[in-house]
Amino acid sequence: MADTDARRSNAPEITVSELAGALKRAIEDRFGYVRVRGEITGYRGPHSSGHAYFSLKDESARLDAVIWRTSLQRMRLKPQEGLEVVATGRLTTFPGKSSYQIVIEALELAGVGALMALLEARRRKLAEEGLFDAARKRKAPFLPRVVGVVTSPTGAVIRDILHRLADRFPVRVVVWPVRVQGDTSAAEIAAAIDGFNALAQEGAAVRPDVLIVARGGGSLEDLMSFNDEAVVRAAARSAIPLIAAVGHETDWTLIDHAADVRAPTPTAAAEFAVPVRAELLAALADLHARGRGAILRFARRLRSDFRALSRALPGEEAIVAEPRQRLDRAAETLVARVRAGLDQRALRAAGLERRLARHSPRAHLAGQRERLRGVAGRLARARPLLIEWPRRAADAAGRAFAREAALIARRRNERAAALARLAARLSRAYDERLQTRRAQLFSTWQLLGAMSYRGVLSRGFALVRDETQRPLRRAAEVRQTQRLEIEFADGKVGAIAGGRVGPPLTPPPLLPRRRARPDKDEGQGTLF
């Protein structure tokens with residue numbers, strides 16, 4: 001018992017912080033940099049601070065892991081839940097929880113199988129969005145003016161493309177230099193594709209007619225930049241036809257599915273971009289020769305047809321012989337018909353001369369003179385009948401007209417006298433009716449003046465109204481400080497209601513009225 005107490009008293013005492021620091025230094029000195037393989041679990045995305053916290057696990061153990069924000073931003077492979085990775089970093093402790101953890105600085109997939117599974121999942125995702133549909137792919141232009149190339153400016157790929165383009169059909173080539181491998185290569189490739197599409201059609205930097213995205217061969221990890229989702233989406237939304245030439249013929253990347261044309265090699269991409277100039281010239285020469293030969297053959301055939309037609313035509317004498325005979329025959333017929341027409345006109349003129357002689361003015365005037373003599377004789381015989389009888393008829397009609405005029409004048413005088421009597425009666429009735437109406441109107445006006453409240457106002461009374469112009473008949477209807485309007489006989493004034501000044505006055509008793517004599521206005525009454 002004494003030995004146990006001695007050991008306890010001889011052991012040095014340290015604080016919890018000192019012990020935690022000693023453990024931290026021991027672990028960091030023993031495990032400076034490590035590469036740990038495991039499955040990512042508990043990852044829910046970056047923290048609000050930008051750091052990532054998760055765990056690595058295998059069949060029997062679990063290790064906390066953290067990736068600082070600066071390291072996470074430059075990582076090409078981002079952490080994903082359930083992804084098997086190889087993490088490179090420093091092993092350290094976290095004294096606040098009495099636990100140890102790894103600070104990861106680099107992530108890589110654990111094996112080709114996991115990488116292929118990641119690519120397959122990404123391919124299915126992009127295919128479901130329609131980025132790989134054949135309907136959206138366009139055909140590259142047959143003869144582009146400008147070819148844009150997105151690749152490394154120092155590799156053999158650009159030299160192969162330029163050499164192949166120069167051999168086939170020299171065109172203007174615009175190179176957008178990018179890294180084709182590394183952490184920032186995917187962002188540079190996507191920016192290059194978008195940059196080419198943003199160029200104007202005219203200007204110093206001319207927009208290309210076709211794009212070539214190229215890289216030489218390499219392992220699957222080397223080609224991961226062209227499997228990046230940002231690169232695939234940039235290739236899919238490119239308005240310029242895009243040819244993908246990444247790796248060798250057996251290498252397939254996701255950009256190959258999104259591109260309009262997939263070339264097995266960069267050299268094949270240059271062949272797809274432009275035709276062979278010599279072949280075009282030969283084809284043009286062949287077409288020119290064929291066209292010239294066709295024109296010559298057509299001219300020879302026309303010439304042969306013209307000769308055949310000319311041989312089939314008759315001679316000039318044979319052509320004019322028949323018309324000449326028809327002309328001679330027509331001339332003879334014309335002379336005969338002219339003579340017959342002249343004879344007919346001569347006979348017709350002789351008949352007209354005989355008819356004219358019968359209807360000459362002299363003969364007509366002699367006939368009219370005889371008719372006039374007969375009419376004068378008959379008129380002399382009928383003169384007494386034509387003059388005496390109308391004169392007698394006119395006298396009888398004059399006498400009858402005089403009698404009728406006298407009768408009409410007498411009737412007119414009678415009607416004028418009746419109309420005068422009627423006018424006098426109407427004037428008297430109108431005057432009497434007018435006097436009656438005036439008396440009624442005067443009586444009504446007197447009654448209206450007696451019944452009107454303005455007559456009461458003229459006797460010294462006043463009419464009180466509220467804000468709505470409603471008459472107030474009792475003091476109980478008036479509120480304190482109410483706005484009032486008081487109307488007198490000569491105008492209106494405004495007032496503010498105050499408190500009551502005393503009880504209402506009791507009117508004196510009414511004296512009985514003496515009835516000395518009946519009054520005409522007794523039954524009319526007054527307003528008060």
Side-chain angles (χ1 to χ4, degrees), residues 76 138 140-200 203-228 230-280:
R76 183 175 58 184
R138 293 154 300 173
F142 176 72
L143 189 60
R145 298 176 302 170
V146 181
V147 176
V149 181
V150 179
T151 188
S152 174
T154 59
V157 173
I158 186 62
R159 292 195 295 271
D160 292 341
I161 293 176
L162 294 177
H163 179 70
R164 196 59 177 165
L165 291 176
D167 288 344
R168 292 175 64 86
F169 201 106
V171 294
R172 182 180 177 184
V173 180
V174 179
V175 180
W176 195 298
V178 296
R179 293 185 181 89
V180 294
Q181 185 176 345
D183 295 338
T184 62
S185 59
E188 293 181 8
I189 295 170
I193 296 174
D194 294 336
F196 270 129
N197 281 272
L199 294 178
V206 182
R207 182 179 181 181
D209 298 320
V210 65
L211 290 182
I212 298 176
V213 179
R215 187 201 188 280
S219 63
L220 183 59
E221 290 78 5
D222 296 336
L223 303 180
M224 280 300 295
S225 299
F226 298 91
N227 292 316
D228 191 85
V231 174
V232 177
R233 292 187 182 278
R237 65 173 173 265
S238 174
I240 305 173
L242 188 141
I243 301 174
V246 179
H248 300 297
E249 186 172 359
T250 57
D251 296 327
W252 276 86
T253 58
L254 295 182
I255 194 175
D256 294 330
H257 298 284
D260 297 300
V261 180
R262 189 257 176 181
T265 60
T267 304
E271 295 176 357
F272 291 164
V274 296
V276 180
R277 185 173 181 271
E279 294 179 357
L280 289 179

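Index from 1, following the sequence.
- Across all non-hydrogen atoms, the minimal contact from Ala234 to Ile193 is O-CG2, 3.5 Å.
- Closest of all the heavy-atom pairs between Ala269 and Ile243 is CB-CG2, 3.8 Å.
- Side-chain atoms of Arg168 come within 3.5 Å of backbone N or O of Val274 as a donor-acceptor pair.
- The minimum heavy-atom distance linking Gly216 with Leu223 is given by the pair O-CD2, 3.9 Å.
- Annotation: side chain of Asp194 is in contact with side chain of Arg237 (closest heavy-atom distance under 4.5 Å).
- Taking 4.5 Å as the limit, every side-chain heavy atom of Trp176 sits out of range of all side-chain heavy atoms of Glu188.
- The distance from the CG atom of Asp228 to the CD1 atom of Ile189 is 8.5 Å, given to the nearest 0.5 Å.
- Within the 4.5 Å cutoff, the side chain of Arg145 has no heavy atoms near those of the Arg172 side chain.
- Looking at Pro266 and Ile212, their side chains never come closer than 4.5 Å, going by heavy atoms from C-beta outward.
- Arg215 contributes a side-chain N or O that, together with a main-chain N or O of Val180, makes up a donor-acceptor pair within less than 3.5 Å.
- Closest non-hydrogen pair, Val231 versus Ala186, comes out as CG2-O, 3.3 Å.
- When all heavy atoms of Val232 and Phe226 are compared, the closest pair comes out as CG2-O, 4.2 Å.
- If you take CZ on Arg159 and OG1 on Thr154, they are separated by 8.0 Å, rounding to the nearest 0.5 Å.
- Two residues are said to be in side-chain contact when any heavy atoms from C-beta on lie closer than 4.5 Å; Pro144 and Pro208 fail this criterion.
- With hydrogens and angles ignored, the 3.5 Å screen pairs a side-chain donor or acceptor of Asp260 with a backbone N or O of Arg138.
- For the pair Ile255 and Arg262, the minimum side-chain heavy-atom distance is 4.5 Å or more.
- Inter-residue side-chain proximity for Ser152 and Val157 is flagged as unmet; no heavy-atom pair is nearer than 4.5 Å.
- Residue Arg179 qualifies as open at atom CZ: its count of foreign heavy atoms under 6.0 Å is 12 or below.
- Side-chain atoms of Asn197 come within 3.5 Å of backbone N or O of Ile240 as a donor-acceptor pair.
- Interatomic distance, Thr265 OG1 to Glu271 CD, rounded to the nearest 0.5 Å: 7.0 Å.
- Between Ala140 and Pro241, the shortest heavy-atom contact is CA-CB, 4.2 Å.
- With 3.5 Å as the limit, one finds a donor-acceptor pair spanning the side chains of Asp256 and Thr253.
- Side-chain contact check for Val206 versus Val174: every heavy-atom pair is 4.5 Å or farther apart.
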Practice item. Take Phe196 and Val146 through the test side-chain contact (heavy atoms from CB on, under 4.5 Å) and record every step on the way to the result. Key: CA-CA 11 Å; Phe196 270 129; Val146 181; over 6 Å; no
